[in-house]
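Reviewing the structure listed below.
Labels below follow one simple rule: chain letters A, B, ... track the order of the sequence lines, proteins then strands, and each chain is numbered from 1.
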Amino acid sequence: MSARDGGYDDWLDAVAEGEGYYLECANGHGWLPPRRVCPDCGSRDLDEEPLPDAGEIATHTTVYVATPAFEEDAPYVTAVAHFGPVSITGMVRDVDPAAVEMGDVVGIDVGERETTGDRAVVFRPR
Amino acid sequence: MSDPRVAGAGVTDFGEHPERTGRDLFAEAGLAALDDAGVPADDVDALYFGNFMGELAEHQGHQGPLMAEAVGVEAPATRFEAACASAGAGVRQAVKNLRSGEDDVILVGGAERMTNIGTAAATDALAIAADDLYEVRAGMTFPGAYGLMARSYFAEYGGDREDLAHVAVKNHEHALVNEHAQLRKEITVEDALEAPMVAEPLGLYDACPITDGAAAAVLVSEEYAEVHGLDARVSITGTGQGGDNLALQDRPHFDQTPAADAATEEAYADAGVGPDDVDVAEVHDCFTIAEVLAVESLGLFERGEGIAAARDGVTTRHGEMPVNLSGGLKAKGHPVGATGVAQIATLTWLLDGSHPRADDVPDADVAVAHNAGGTAASATVHVLEVVS
Ligand SMILES: [Zn+2]
């Protein structure tokens with residue numbers, strides 16, 4: 001059992017409980033933890049804000065040639081979705097890869113990778 | 001301020017050499033560069049060495065001194081790591097040190113051994129150029145990242161897989177006469193379109209191969225070149241480097257490479273040239289879409305117009321703006337940590353007339369090299385000019 005990745009694993013726990021959040025600076029820039037400073041504006045005043053319930057797929061790819069850690073998952077869809085001011089990369093589940101489109105509205109959850117059983121951010125249509 | 005000269009360069013054959021160690025690959029390229037330059041190893045003041053995945057591929061860190069030893073150089077040696085732009089970052093540091101007068105001779109290069117670990121492990125190793133927590137754990141691969149960028153580009157500016165296929169066809173054709181190239185095989189648009197998918201919308205022929213190889217160049221101060229009567233007719237007159245958020249998700253656009261825009265702006269200003277002055281370019285086409293993004297960042301094409309450049313013949317060897325006459329990463333091959341210096345070698349040979357494709361650009365005197373790391377979170381641009 002390897003050590004937890006501070007910030008990241010806490011965030012995944014929160015997402016899994018339906019209480020996902022992001023970090024926002026005074027200028028409305030959104031980021032995922034751990035962050036001590038906003039890379040855009042240099043603000044060190046970052047507050048946890050609740051993650052919007054739904055995100056919108058900004059771009060996506062279907063991965064056929066996977067790394068060994070995703071071998072049994074392939075082919076799978078990885079997408080970047082905008083959740084308000086923060087954007088998140090996740091695996092799209094419960095939808096035919098060929099049917100995924102930009103602009104699709106998705107919810108965020110934590111799922112398991114088929115290959116390793118490790119946790120992964122997943123998006124499902126909603 | 002004087003500009004450093006490229007006194008000599010050397011490359012290994014790029015390809016599948018799984019049994020050749022990194023140190024042996026670099027020894028071949030480094031010694032070839034020293035011989036080409038006519039510079040004794042004793043005169044080398046520093047070695048800057050690019051390598052990306054040595055820990056994973058060879059269980060070898062601390063490669064600077066190892067590589068200096070391999071080429072018989074007793075000088076401080078430092079490894080540069082900026083993913084696929086590792087060697088470009090080394091070139092930039094060499095240019096700065098030579099200009100400052102601190103050093104007179106710098107051996108810069110890189111090597112990567114990749115095929116010994118197999119395609120799956122190499123795919124895994126390449127993926128670590130992305131954000132491990134937020135990208136790799138969500139299934140992001142190196143081709144996957146460029147698949148995300150390609151789809152975004154198509155949606156924003158138009159274009160399709162067939163346009164990208166023309167980039168691959170062009171670069172394969174360019175590589176036919178390059179004896180060091182990994183893939184010397186003509187392909188058709190149909191071949192590219194019918195190839196298996198890697199990361200949709202990118203297929204097998206949109207991706208560069210996995211490559212073992214090394215490259216090296218001897219960069220010297222103008223004064224050293226003159227005092228020693230070196231035949232070094234090409235200068236590096238401009239250097240630029242840009243950076244960006246590591247994870248694609250944290251950038252405002254997925255269809256542009258601002259790090260390369262910044263590197264370009266800096267390098268052109270440094271050299272006192274503009275995009276209209278550029279006669280030939282070697283760009284970082286790890287994937288076909290990457291060449292499109294590169295030529296736009298270099299200002300050779302307007303945003304949204306790079307996609308048609310190969311299809312319209314503009315970037316072919318017979319076109320107005322030849323790009324990747326070496327075959328590019330796509331056909332020449334992409335030994336990750338060596339690529340930035342392989343580009344410098346190619347352009348030097350194109351400008352001094354010794355490259356097999358030099359006849360396609362007989363009057364070229366300004367060239368540009370674009371080297372990008374990961375999804376271009378690192379990018380370097382160098383301007384090379386024939387000394388008048
Ligand atoms: Zn901010």
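Neither the backbone nor the side chain of A/P85 has a heavy atom closer than 4.5 Å to any heavy atom of chain B.
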Give each N or O donor-acceptor pair spanning chain A and chain B at a distance under 3.5 Å, with atom names and distance to 0.1 Å, or state none.
from, atom 1, to, atom 2, distance (Å)
A/D5, OD2, B/R137, NH1, 3.1
A/D5, OD2, B/R137, NH2, 2.8
A/Y8, OH, B/L133, O, 3.3
A/P33, O, B/Y134, OH, 2.6
A/R35, NH2, B/D250, OD2, 3.2
A/T59, OG1, B/L148, O, 2.7
A/H60, O, B/R151, NE, 2.6
A/H60, O, B/R151, NH2, 3.4
A/H60, ND1, B/R151, NE, 3.4
A/H60, NE2, B/R151, NE, 3.3
A/T61, OG1, B/E200, O, 2.5
A/T62, O, B/E200, N, 2.8
A/Y64, N, B/V198, O, 2.8
A/V65, N, B/V198, O, 3.1
A/Y76, OH, B/G139, O, 2.5
A/T78, OG1, B/A138, O, 2.8
A/T89, N, B/Q249, OE1, 2.8
A/T89, OG1, B/Q249, OE1, 2.7

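A/V95 pairs by the side-chain contact (heavy atoms from CB on, under 4.5 Å) definition with A/V92, A/A99, A/V100, A/P125, not counting sequence neighbours. A search for ring pair (Phe, Tyr, Trp, His ring centres under 6.0 Å) contacts involving A/F123 returns A/F83, not counting sequence neighbours.
Listed by first and then second residue, the salt bridge (charged side-chain N to carboxylate O under 4.0 Å, His left out) pairs involving residues 60-70 of chain A amount to none (not counting sequence neighbours).
Of all the listed residues (B/L148, B/L126, B/L204), the one sharing the greatest number of non-hydrogen pairs under 4.5 Å with chain A is B/L148. Contact tally against chain A (heavy-atom pairs below 4.5 Å) for B/A199, B/G147, B/A120, B/G139: the top residue is B/G139.
Between B/A121 and A/P68, the shortest heavy-atom contact is N-CG, 4.4 Å.
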